[in-house]
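Take a look at the structure below.
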Amino acid sequence: MSSRLDSLSTGLLLVAASLMTIGIVMVTSTAASLEESIVESISWQTPFIRQAAFVGSGFVLMLVCARIGPGLLQWRPGLALQPSVVLLFVVVVLLACVWVPGVGVESHGKHRWVAFGAVRFQPSEVAKLALVVFLAALLCRRNTASQHRVPDITIPMLAIAVVCAMVGREDFGTAVLLAVVGGLMLMARGCPLSTMAAWTIPAVGAFIYMIVSQPYRIERLLGFLRIWEDPHGVGYHPMQSLAAIASGGWAGRGLGAGLAKYGYLPESGSDFVFSIICEEIGFFGGVVVILFFVVLVLLGLRTMMLAPCEDGGFAKLFAFGVTVTIALQGLMNIAVVTAVAPTKGIPLPLVSAGGSGLLCFSVAVGLLAGVPRRAVVAAAPPGDATPEKMVLTQALRK
């Protein structure tokens with residue numbers, strides 16, 4: 001049993017590292033320019049160096065978080081400042097800072113970034129992990145009168161609503177993702193559908209308002225139904241993406257030989273990196289990437305099933321939330337680049353260029369990989385406990 005749990009944790013880390021490695025290669029390929037050689041412009045601003053630095057940092061964070069595990073984030077009876085509450089509060093403050101002059105940074109006409117000196121990141125990426133941690137901790141807290149009582153969803157629903165409202169002001173796709181993940185976590189915890197339905201009605205109304213309040217969102221949704229009629233407008237991104245995928249054929253043009261990245265397909269290194277993968281590595285390359293995500297999701301679900309129950313179900317619900325977030329965001333990205341869904345700027349987890357999302361998902365996968373390690377400690381016989389395991393056990397059970 002112990003060896004199976006260790007291999008499960010190792011498998012999660014290896015699959016995530018493989019996706020991150022693919023990301024370095026493809027981001028480097030999309031950075032190719034006809035104006036200058038990438039070798040002659042080696043600097044921090046070079047996409048390869050930046051992505052390699054983010055991947056290296058993310059891998060270290062992943063290993064550290066796998067060693068620690070998510071137990072330190074669970075609800076602790078009698079503790080004044082709950083880690084999950086503090087994390088969510090910090091995220092809400094950062095989401096508000098997006099609109100503070102001098103702190104918030106506007107890019108591509110959107111207010112999604114904050115900058116503190118040389119450090120610049122997207123709070124909405126941190127919100128994905130913070131919301132999962134908060135919901136798992138709150139719904140599985142052990143200071144309730146009965147662990148079998150149906151949890152009150154008032155506070156969780158308010159937390160989901162606040163985060164989605166603040167994120168959705170500028171990033172509708174991420175807000176939808178957060179809402180779906182939050183709803184699925186409530187369902188997984190056993191919240192009655194009738195109660196959730198009562199909250200769903202105002203939530204749907206709020207999302208409709210988000211759409212109609214921004215004319216470009218209505219235009220994007222309507223344009224999705226007629227992308228072939230407007231190839232230079234709303235249909236440009238999906239048509240160029242499909243053209244890149246189709247031109248790759250079965251085996252691809254060859255790594256680095258793609259043409260869409262030369263100004264034809266915007267955001268080719270981030271939101272549309274899967275299109276470049278299919279163009280340069282072909283249909284088989286795209287299938288390999290999808291299979292990596294399928295394996296990662298299956299390992300995450302297996303982790304959820306084997307997670308210990310001594311914490312009131314926190315580890316199980318946390319593993320479920322992280323796995324669903326990765327699965328849904330990957331599905332949304334691939335749906336967009338294949339013109340199955342309206343164009344939306346949402347990156348491919350662990351692969352797309354960028355630091356905020358990569359580092360946050362690295363932490364999430366690392367904590368997820370720490371769940372099986374925790375189960376090993378919990379399942380170990382008292383006589384088999386090493387000093388290292390005893391220290392870790394005491395830290396997790398405090």
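Counting from 1, the numbers follow the sequence of the chain as shown.
Partner Leu299 forms a side-chain contact (heavy atoms from CB on, under 4.5 Å) with one of Val365, Leu12, Val294 and no other, that one being Leu12.
Under the 3.5 Å distance criterion, the side-chain polar atoms of Arg112 are left unmatched by any main-chain donor or acceptor of Ser124. Between the side chain of Arg217 and the backbone N or O of Met210 there is at least one donor-acceptor pair closer than 3.5 Å. A donor-acceptor pair is defined here as one N or O able to donate and one able to accept, closer than 3.5 Å; such a pair exists between the side chain of Gln329 and the backbone of Pro347. Not a single donor-acceptor pair under 3.5 Å links the side chain of Ser241 to the backbone N or O of His237. In this structure, Asp271 contributes its side chain and Asn333 its backbone to no donor-acceptor pair below 3.5 Å. Although no hydrogens or angles enter the test, the distance criterion places a donor-acceptor pair under 3.5 Å between the side chain of Arg141 and the main chain of Leu138. Proximity of a side-chain donor or acceptor of Glu280 to a complementary backbone N or O of Gly252 within less than 3.5 Å is not detected. The main-chain N or O of Ala243 is found under 3.5 Å from a side-chain atom of Ser247 such that the two form a donor-acceptor pair. For Ser84 (side chain) and Phe134 (main-chain N/O), no donor-acceptor pair under 3.5 Å exists by modelled atom type. Proximity of a side-chain donor or acceptor of Ser57 to a complementary backbone N or O of Phe54 within less than 3.5 Å is not detected.
Placement of Trp228 and Tyr264 in two distinct hydrophobic clusters is found when ILVMFWY residues are connected by side-chain heavy-atom separations under 4.5 Å, directly or transitively. No single ILVMFWY cluster, assembled from side-chain heavy atoms under 4.5 Å apart, contains both Leu14 and Val60. In this structure, Leu291 is not a member of the same hydrophobic cluster as Val297, with clusters built from ILVMFWY side-chain heavy atoms closer than 4.5 Å. Residue Ile201 is not grouped with residue Val176 when hydrophobic side chains (ILVMFWY) are merged at heavy-atom distances under 4.5 angstrom, including chains of intermediate members. Taken together through direct or relayed side-chain contacts under 4.5 Å among Ile, Leu, Val, Met, Phe, Trp and Tyr, Leu79 and Phe314 form parts of separate hydrophobic clusters.
Considering only heavy atoms from C-beta on, Ile290 comes within 4.5 Å of Phe274 through its side chain. Side-chain contact check for Val114 versus Phe121: some heavy-atom pair is nearer than 4.5 Å. Contact annotation: the side chain of Lys128 never approaches that of Cys360 to less than 4.5 Å [non-hydrogen atoms, C-beta and beyond]. For the pair Leu178/Ile160, no side-chain contact is recorded, criterion being any heavy-atom separation below 4.5 Å from C-beta on. Leu177 has its side chain within reach of Met332: a pair of non-hydrogen atoms, C-beta onward, lies under 4.5 Å apart. Side-chain contact between Val55 and Thr21 is absent, with no heavy-atom pair separated by less than 4.5 Å. Thr338 has its side chain within reach of Ile245: a pair of non-hydrogen atoms, C-beta onward, lies under 4.5 Å apart. No side-chain heavy atom of Val133 sits under 4.5 Å from any side-chain heavy atom of Pro70.
In this structure, Ile326 CD1 and Phe361 CZ are separated by 6.0 Å, a value rounded to the nearest 0.5 Å. To the nearest 0.5 Å, the span separating OG1 on Thr323 from CG on Leu298 amounts to 9.5 Å. We find the CG-CE distance between Leu186 and Met196 to be 5.0 Å, quoted to the nearest 0.5 Å. Of the inter-residue distances, the one linking Cys65 atom SG with Leu368 atom CG reads 11.5 Å to the nearest 0.5 angstrom. Rounding to the nearest 0.5 Å places OG of Ser29 at 13.5 Å from CD1 of Ile24. Expressed to the nearest 0.5 Å, how far CG of Asp171 lies from CD1 of Ile346 amounts to 7.0 Å.
Nearest heavy-atom pair, Val212 versus Ile218, reported as atom, atom and distance to 0.1 Å: CA-CD1, 3.6 Å. Leu348 and Val289 make their closest contact through CD2-CG1, 4.4 Å (heavy atoms, listed as atom of the first residue, atom of the second, distance). Taking every heavy atom of both residues into account, Val371 and Ala315 meet most closely at CG1-CB, 4.1 Å. Shown here for Ile227 and Pro238, the closest heavy-atom pair between the two residues is CG2-CG, 3.9 Å. Residues Leu88 and Ala159 come closest through the heavy atom pair CD2-CB, 4.0 Å. Residue Val273 comes nearest to Met26 through the heavy atom pair CG2-CB, 3.9 Å, listed as atom of the first residue, atom of the second, then distance.
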*For side chain to side chain contact (heavy atoms under 4.5 Å, CB included), just list the numbers for Val181 and Val132, CA-CA rounded to whole Å, side-chain angles, deciding distance to a tenth of an Å, and then say yes or no.*
CA-CA 8 Å; Val181 170; Val132 169; 4.1 Å; yes

**Report entry** Derivation of the side chain to side chain contact (heavy atoms under 4.5 Å, CB included) call for Lys261 and Glu279
**Finding:** CA-CA 10 Å; Lys261 60 193 177 188; Glu279 182 188 19; 5.9 Å; no

Practice prompt. Show your working on side chain to side chain contact (heavy atoms under 4.5 Å, CB included) between Tyr236 and Thr343 and close with a plain yes or no.
Written response: CA-CA 10 Å; Tyr236 182 80; Thr343 302; over 6 Å; no

**Request:** May I have the step-by-step check of side chain to side chain contact (heavy atoms under 4.5 Å, CB included) for Val163 and Val91, ending in yes or no?
**Result:** CA-CA 9 Å; Val163 174; Val91 167; 5.5 Å; no

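Under the ring pair (Phe, Tyr, Trp, His ring centres under 6.0 Å) criterion, Phe172 pairs with Phe207, sequence neighbours left out.
Between Phe284 and Trp250, the two ring planes are tilted [angle within 30° to 60°].
In this structure, Ile155 places its CD1 atom where only 12 or fewer heavy-atom neighbours from other residues, nucleotides or ligands lie under 6.0 Å away.
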